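Remember, it's a predicted structure, so these values are computed and weren't measured experimentally.
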Amino acid sequence: MTIIKYEPEFAPVEVFLTRFLDFENDNLIFEQETKIPIPTLTAGDIIEIFEQDYRVLERKFAFNEDAFLTIYLLEKVIQ
């Protein structure tokens, strides 16, 4: 059996970006860059950002060169 050296098609992921966007007007509320992935949120979860509660409506994933992105669409929780 011949074993060929594997050459990856893409560069390894070096950065994990997490972006939180306001669903109503597409404003970036907060962005976090890490070297390791943070636990992901799911639709319906509540997260506090700058003393304001937001509900996760949707989660998306994307790749950008050497980064992996997790994008959350949020709505303000009215109390």
Side-chain angles (χ1 to χ4, degrees):
M1 175 169 92
T2 305
I3 299 175
I4 317 169
K5 181 179 176 188
Y6 173 73
E7 293 292 334
E9 189 173 343
F10 302 101
V13 171
E14 295 178 9
V15 176
F16 295 89
L17 289 174
T18 305
R19 291 183 178 153
F20 299 94
L21 298 167
D22 183 342
F23 179 74
E24 302 238 337
N25 49 20
D26 284 340
N27 288 337
L28 180 63
I29 300 169
F30 178 71
E31 179 175 278
Q32 181 173 5
E33 181 178 316
T34 59
K35 292 292 181 186
I36 59 169
I38 61 174
T40 58
L41 302 166
T42 58
D45 284 348
I46 305 290
I47 184 169
E48 181 183 320
I49 301 174
F50 305 125
E51 299 178 13
Q52 170 66 51
D53 287 338
Y54 293 90
R55 178 177 294 107
V56 175
L57 297 178
E58 190 176 345
R59 177 183 66 193
K60 298 180 180 183
F61 299 106
F63 289 96
N64 182 10
E65 296 181 13
D66 62 348
F68 180 81
L69 287 78
T70 307
I71 301 131
Y72 295 99
L73 297 178
L74 307 173
E75 71 176 351
K76 276 187 185 177
V77 174
I78 308 299
Q79 297 176 350

How far does [atom1] of [X] sit from [atom2] of [Y], to the nearest 0.5 angstrom?
{"X": "D22", "Y": "L28", "atom1": "CG", "atom2": "CG", "result": "10.0 Å"}
{"X": "Q32", "Y": "L17", "atom1": "CD", "atom2": "CG", "result": "9.5 Å"}
{"X": "I71", "Y": "E31", "atom1": "CD1", "atom2": "CD", "result": "9.5 Å"}
{"X": "L21", "Y": "E58", "atom1": "CG", "atom2": "CD", "result": "10.5 Å"}
{"X": "T34", "Y": "F68", "atom1": "OG1", "atom2": "CZ", "result": "11.0 Å"}

Hphob cluster co-occupancy, Y54 + F30, side-chain heavy atoms under 4.5 angstrom: yes
Hphob cluster co-occupancy, I49 + V77, side-chain heavy atoms under 4.5 angstrom: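 Hydrophobic grouping puts I49 apart from V77.
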Closest non-hydrogen atom pair, [X] against [Y]:
{"X": "K35", "Y": "E14", "answer": "CD-O, 3.5 Å"}
{"X": "F50", "Y": "I29", "answer": "CE1-O, 3.7 Å"}
{"X": "I36", "Y": "F16", "answer": "C-CD1, 3.6 Å"}
{"X": "L74", "Y": "F20", "answer": "CD1-CB, 3.6 Å"}
{"X": "R19", "Y": "L69", "answer": "NH1-CD2, 3.3 Å"}

Partner of Y72 under side chain to side chain contact (heavy atoms under 4.5 Å, CB included), chosen from L57, I47, L41: L41
E24 atom CD, neighbour heavy-atom count above 12 within 6.0 Å: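 No, not enclosed.
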F23 atom CZ, over 12 foreign heavy atoms within 6.0 Å: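 No.
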From CA spacing to verdict: side-chain contact (heavy atoms from CB on, under 4.5 Å), R55, D45: CA-CA 6 Å; R55 178 177 294 107; D45 284 348; over 6 Å; no
